[in-house]
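Before any comments, here is the structure.
Ligands are counted one by one from 1 in listed order, and the atoms in each one are counted from 1 as well. Along the sequence shown, the residues carry numbers beginning at 1.
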Amino acid sequence: MERVLVVGGLSGIGKSVVECLQEKFIVETLSRRKSTQHKIKHHTIDAAEPDALKNYFFSSEKYDHLVITAADTPIGGIYSLSDEKAKYAITNKLWLAYVAARDIPWKKSLTFISGYLSARPGENTTLQSAINAGIEGMTRGIALEKAPARVNCISPGTIDAGLWDKVAPDIRQKTMEKVSKRTLVGHAGLPKNIAQAVKFAIECDYLTAEIIYVDGGARFG
Ligand SMILES: NC(=O)c1ccc[n+]([C@@H]2O[C@H](COP(=O)([O-])OP(=O)(O)OC[C@H]3O[C@@H](n4cnc5c(N)ncnc54)[C@H](OP(=O)(O)O)[C@@H]3O)[C@@H](O)[C@H]2O)c1
């Protein structure tokens, strides 16, 4: 069986990716927290730290597939978000994706997760839009550098899970109602919608340098 490492696989979209892939692949996870789920091999490490990644994976066998769902990105407008938080957000998504793709050994496919704000910015999302657009640009760049290995990116719309678990219930509900009206399908997404797309990106061996928006049409609503 082929091996897949899901960076960020303990919660939200990453957890759903793990569940979706488990039947066909040997799946491992990596994030900063320790795992309480002992059936799956977990690596506790900060994926935004290149030296830590290089040392940790120094003599490891290459994974067949790498999926990077990890991110920790405080949100806010350019005049309200502190420089410290803005740099933290860039480090924990764009930089993390760059160094994890480079310093974790993989050979067949790499799948990034970005976000539809790259194409359709909302209120106070300038930084998120830039980070996600950066990941989408990086997808095409690494696809060229690593060919014939394949590199793709799934760009989700609003998914009612994961990072939203940390948001106050009333704000979350209002946001989901607002977002639902902006989609063409009339509702927010579920983690499994993204997991299905990740599985497709791993399995379709003629797909590379591609950005797949799974956003319920939110770019056009
Ligand atoms: N949910 C949405 O509506 C939505 C929409 C568009 C795009 N996205 C994108 O989809 C991806 C997954 O989002 P989610 O909603 O599933 O978020 P989530 O539940 O917060 O998952 C993010 C995971 O990343 C891990 N992580 C964060 N920083 C890390 C680091 N430095 N090193 C290693 N692991 C790290 C976290 O685990 P630890 O804390 O253990 O490190 C966490 O398990 C993100 O890129 C997000 O921006 C989400």
Query - Ion pair check, D64 and R3, cut-off under 4.0 Å - result: no

**Report entry** Verdict with reasoning, D170 to K174, per salt bridge (Lys or Arg N to Asp or Glu O under 4.0 Å)
**Finding:** CA-CA 6 Å; D170 55 328; K174 273 187 199 149; 5.1 Å; no

Query raised in the report: For W106, is the NZ or CZ atom of K146 found under 6.0 angstrom from the centre of its six-membered ring and inside 45 degrees of the ring axis?
Result: yes

Which protein N or O atoms sit under 3.5 Å from any N or O of ligand 1? Give atom names and distances.
| unit_1 | atom_1 | unit_2 | atom_2 | d |
| --- | --- | --- | --- | --- |
| ligand 1 | 1 (N) | I159 | O | 3.3 |
| ligand 1 | 3 (O) | I159 | N | 2.8 |
| ligand 1 | 3 (O) | I159 | O | 3.2 |
| ligand 1 | 3 (O) | W164 | NE1 | 3.0 |
| ligand 1 | 15 (O) | L163 | N | 2.9 |
| ligand 1 | 16 (O) | I13 | N | 2.8 |
| ligand 1 | 17 (O) | L163 | N | 3.4 |
| ligand 1 | 19 (O) | S11 | OG | 2.8 |
| ligand 1 | 20 (O) | K166 | NZ | 3.1 |
| ligand 1 | 21 (O) | S11 | OG | 3.1 |
| ligand 1 | 24 (O) | A71 | N | 3.3 |
| ligand 1 | 28 (N) | R32 | NH2 | 3.2 |
| ligand 1 | 31 (N) | D46 | OD1 | 2.8 |
| ligand 1 | 31 (N) | N92 | OD1 | 2.9 |
| ligand 1 | 32 (N) | A47 | N | 2.9 |
| ligand 1 | 37 (O) | R33 | NH2 | 3.4 |
| ligand 1 | 39 (O) | R32 | NH2 | 3.2 |
| ligand 1 | 40 (O) | S31 | OG | 2.9 |
| ligand 1 | 40 (O) | R32 | N | 3.4 |
| ligand 1 | 40 (O) | R33 | N | 2.9 |
| ligand 1 | 40 (O) | R33 | NE | 2.8 |
| ligand 1 | 41 (O) | R32 | N | 2.9 |
| ligand 1 | 41 (O) | R32 | NE | 2.8 |
| ligand 1 | 43 (O) | S11 | OG | 2.8 |
| ligand 1 | 43 (O) | R33 | NH2 | 3.2 |
| ligand 1 | 45 (O) | K93 | NZ | 3.0 |
| ligand 1 | 47 (O) | K93 | NZ | 2.7 |

Report task. Answer yes or no: is there a donor N or O on one side and an acceptor on the other, between the side chain of S155 and the main chain of Y213, under 3.5 Å? Result -> no

Query raised in the report: Is the closest side-chain heavy-atom distance between H65 and E2 below 4.5 Å?
Result: yes

For a quick test of your reading: what N or O donor-acceptor pairs under 3.5 Å do the side chains of residues 21-28 make, sequence neighbours left out?
| unit_1 | atom_1 | unit_2 | atom_2 | d |
| --- | --- | --- | --- | --- |
| K24 | NZ | E203 | OE2 | 3.0 |
| E28 | OE1 | H43 | NE2 | 2.6 |
| E28 | OE1 | Y63 | OH | 2.6 |

